[in-house]
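Here's the structure, in structure tokens; my notes come after.
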Amino acid sequence: MGSLKPQKPHVAMIPTPGMGHLIPFLQLAKCLVSIHGVQVTLFVPASETSALQTLLSSLHLPGGLTLINLPTLPISDMDTDLPVHLSITVRESLTFIRSSIATSAHPPTVLIVDMFATDAFDVGDAFNMTKYLFFTSNAKVLTFIGYLPRFDQEIAGEFAELTEPIPVPGCKPVRVDDLDDYFRDRKSGGYRFLLHHARRFNEATGILVNTFEDLEPQMFSALKDGKLLEQIPLPPVHAVGPIIRNPAPLSSENECLTWLDKHPPDSVLFVSFGGGGRSLSAEQMVELAMGLELSRQRFLWVVRPPQDKVVISANYVAESGGPNDPNGYLPEEFLRRIKGKGVGMVVGGWAPQVEILGHAAVGGFLSHCGWNSTLESIVHGVPVIAWPLHAEQKMNAVMLTEDLGVAVRVKIASERGGAVMGREEIERMVRLVMEGNQGKALRSRMKQLTDGAVSSVSEGGGGSSYCSLAQLIKKWKL
Ligand SMILES: O=c1ccn([C@@H]2O[C@H](COP(=O)(O)OP(=O)(O)O[C@H]3O[C@H](CO)[C@@H](O)[C@H](O)[C@H]3O)[C@@H](O)[C@H]2O)c(=O)[nH]1
């Protein structure tokens, strides 16, 4: 595990697979090493995805950060609910992690795990480590999940039968429609695993959250008030964000960035549904394509194969998990037209999202509201069209639209995949954000959040997130 100066705290970090969890873990690790002088060993989940390989190969690892690749696991018949998949992957890796720590010349004394990796607390206990959780979403979602064990005991039937929103202490009540589908069945694997981890949250000495206090001021004043913690058994919560990937030096060879260079400020809508957890149906993708075209706004769309397999026409079959080539699942005439007019660009697979959002030409983001994407749009001052798909994304969309006023949201029926959102409605939302006064108002509110985000992590300005992390590390050095 490399050499370790005795005075440096050594931290082991255990993320779960999936770019939305791995990217903030890698970034926190880099920040602990480069800014705070901590030694970090991070266990990288096994994954063959090209996105992960690209990310890892582009990383400039600072001395003091060691990555250990976890072995690929022979897991078959995996439940499709994400919490199950992530949790089992961690459980199956614990023997490897345990022996890796046992044979380390300078064993880590602090353990930081993902919200779906609380089973790794057993390893922390075995080596007498101080245990923390790094929660890769926001404080509101953390509080909701922290409250779940108690609420689970209090309700009798299914969540879907509740006639009122869920009254979570310290936050605005949460509507059942804004929860992931596995909340509709309390016996589902997704629900049971989430509850299992929530019950273990308070084994941690503290929880680091990828947010900043000025973004969720009411939440943090409630969390600092002892009364909330009497109702929700959470350990101390520390806002340490926004922790997002640093932009790489702009590459003149990247086709997305060179295309953006040709367009005026705030004139391009960026469209992306995240790191690959879910995608739209084939039918919905065609409506989105047509809606974008009808809006007459410029767009840059990162497309992924549709969720389902649908025959759209005699020569066009959209197939789930198919290759990342948009020609395979978007109508040929659409691709030809937008290329001819130069109004849009469609790329398959993975794009440099942070660099794109930081480009002056980008003036709006149609997003699934994954928390990393949300933080990246806040840091770069880009207003959002919220199109949440699963996990806690609907709660994030509520925060962006109802609490912060920096987004508009698509019709909820289409988020569930139960109804297809038509091209005219999509056209209307795109125009709302990209044209006129409403778009300007959203953009100007977003820029105010940008200022708060940047100052919270500033070292010189004594930002709140910078100081929270520095204080924790001081304790680890004792
Ligand atoms: O083409 C792409 C697509 C994604 N990204 C990056 O990948 C990350 C994606 O993270 P996120 O926006 O959070 O989406 P998911 O991958 O869907 O994230 C999962 O994890 C998040 C953090 O817990 C949750 O908020 C989400 O709901 C959950 O789906 C971001 O940093 C993006 O910049 C790229 O760089 N290029």
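Start at 1 and go down the list; that is how both ligands and their atoms are numbered. What you see is a predicted model, and the numbers here were worked out from it, not measured in a lab.
Geometrically, ligand 1 and His368 share a nitrogen or oxygen pair separated by less than 3.5 Å. Any N or O atom pair closer than 3.5 Å counts here, and Trp371 shares at least one such pair with ligand 1.
Residue Ile23 touches ligand 1 through its side chain alone, judged by heavy-atom distances below 4.0 Å. When non-hydrogen atoms are compared, ligand 1 lies under 4.0 Å from the backbone of Ser373 as well as from its side chain.
By the side-chain contact (heavy atoms from CB on, under 4.5 Å) test, Ser87 pairs with Phe116, Phe193, His197, sequence neighbours left out. For Ser367, the side-chain contact (heavy atoms from CB on, under 4.5 Å) partners at least two apart in sequence or on another chain are Phe365, Ser373, Val384.
Of all atoms in ligand 1, listed by their number and element, those nearer than 4.0 Å to a heavy atom of Arg304 are 1 (O), 3 (C). Close contacts between ligand 1 and Glu392 involve ligand atoms 24 (C), 25 (O), 26 (C), 27 (O) [criterion: under 4.0 Å to a heavy atom]. Counting atoms of ligand 1 from 1 in the listed order, those under 4.0 Å from a heavy atom of Gly274 are 3 (C), 4 (C). Within the listing of ligand 1, atoms 27 (O) sit less than 4.0 angstrom from a heavy atom of Ala391. Below 4.0 Å from some heavy atom of His390 lie the following atoms of ligand 1, by number and element: 29 (O). Close approach to Gly370 involves these atoms of ligand 1, each under 4.0 Å from a residue heavy atom: 11 (P), 12 (O), 13 (O), 14 (O), 25 (O), 26 (C). Listed by atom number, the atoms of ligand 1 under 4.0 Å from His21 heavy atoms are 20 (O), 23 (O). Residue contact check: Ala351 has heavy atoms under 4.0 Å from atoms 1 (O), 2 (C), 34 (C), 35 (O), 36 (N) of ligand 1.
Residues Tyr191 and Asp180 have side chains that never bring a donor and an acceptor to within less than 3.5 angstrom of each other. Of the N and O atoms on the side chains of Ser464 and Glu213, not one donor lies less than 3.5 Å from an acceptor on the other residue. Side-chain contact check for Thr136 and Asn210: no donor-acceptor pair (N or O, by modelled atom type) lies under 3.5 Å. With no hydrogens or angles considered, no side-chain donor-acceptor pair links Asn372 and Glu376 at under 3.5 Å. Side-chain polar atoms of Asn396 and Asn138 form a donor-acceptor pair below 3.5 angstrom.
Taking all atoms of both residues into account, the shortest heavy-atom contact from Gln353 to Phe270 is CG-CE2, 3.6 Å. Scanning both residues, Gln27 and Ile244, for their nearest heavy atoms gives CG-O, 3.0 Å.
Around atom 7 (O) of ligand 1, the closest heavy atom drawn from Phe135, Trp350, Phe116 belongs to Trp350. When Lys394, Met395, Gln393 are ranked by how near their heavy atoms come to atom 28 (C) of ligand 1, first place goes to Gln393.
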